[in-house]
Amino acid sequence: EVRLVETGGGLVQAGGSLRLSCVISGLPFAKYDIGWFRQAPGKDREAVSYISIGDGMRSEYKYYSNSVRGRFTVASDTDKNTMYLQLSSLQPEETAVYYCAASCTVGRSSWCVSKLYDHWGQGKQVTVST
């Protein structure tokens with residue numbers, strides 16, 4: 001059974017930081033690409049970041065949406081089968097439910113297309129107060 005279990009999130013003041021974790025089980029970790037998305041109330045799901053960690057035959061790639069580049073950082077710990085998203089300089093408009101998702105087919109050129117991801121975490125609420 002494939003499982004993506006997220007932890008982290010919570011309440012933070014504007015300008016603050018949080019870290020989200022996504023523990024992945026039931027799939028070959030190095031062969032899947034991981035995307036991070038967020039969805040605010042009443043809005044569409046938005047792609048935030050992507051990581052393809054590579055498996056010795058391919059290089060690691062990381063992408064960020066324009067709105068978070070320079071403030072969010074994606075990372076992986078292959079020993080723990082865990083992906084991380086560090087969120088910094090958060091603003092109230094970034095209040096949303098944040099999701100990790102896994103795909104073996106999405107590819108770098110389509111990383112922000114949510115429907116191409118096969119497996120999703122349960123989502124974690126991030127609330128940024130003024």
side-chain hydrogen bond (donor to acceptor under 3.5 Å, both in side chains) partners of [X], counting only residues at least two apart:
X      : answer
Gln39  : Arg45
Ser110 : none
Arg3   : none
Ser65  : Ser67

side-chain contact (heavy atoms from CB on, under 4.5 Å) involving [X] - partner list, sequence neighbours excluded:
X     : value
Leu18 : Val12, Leu90, Val126
Thr95 : Gln125, Thr127, Val128
Pro41 : none
Val23 : Thr82

Point to revise | Residues which pass salt bridge (charged side-chain N to carboxylate O under 4.0 Å, His left out) with Lys80, listed by chain and number, not counting sequence neighbours | key: none
Point to revise | Contacts of type salt bridge (charged side-chain N to carboxylate O under 4.0 Å, His left out), residue Arg71, not counting sequence neighbours | key: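 Arg71 satisfies salt bridge (charged side-chain N to carboxylate O under 4.0 Å, His left out) with Glu94 only.
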Where is the tightest heavy-atom contact between [X] and [Y], given as atom of each residue plus distance?
X      : Y     : value
Gly26  : Val2  : O-CG2, 3.5 Å
Gln91  : Ser89 : NE2-O, 3.4 Å
Gly107 : Asp33 : N-OD2, 4.0 Å
Lys62  : Ala75 : NZ-CA, 4.4 Å
Tyr99  : Glu6  : CA-OE2, 3.3 Å

What is the distance from atom [atom1] of [X] to atom [atom2] of [Y], rounded to the nearest 0.5 Å?
X     : Y      : atom1 : atom2 : value
Tyr84 : Cys100 : OH    : SG    : 12.0 Å
Tyr63 : Tyr50  : OH    : OH    : 7.0 Å
Leu11 : Gln13  : CG    : CD    : 8.0 Å
Cys22 : Asn81  : SG    : CG    : 10.0 Å

Check your understanding: Is there a donor-acceptor pair closer than 3.5 Å between any side-chain N or O of Ser103 and the backbone N or O of Thr105?
Key ->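 Such a contact is found between Ser103 side chain and Thr105 backbone.
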Review point. What residue pairs, at least two apart or across chains, pass salt bridge (Lys or Arg N to Asp or Glu O under 4.0 Å) with a residue in residues 114-130?
Key: none
Point to revise | Partner set under ring-ring contact (aromatic ring centres under 6.0 Å, His included) for Phe37, not counting sequence neighbours | key: Tyr117, Trp120
Check your understanding: Does the ring of Tyr61 carry Arg108 above it, NZ/CZ under 6.0 angstrom from centre and within 45° of its axis?
Key ->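 Yes, Arg108 sits over the ring of Tyr61.
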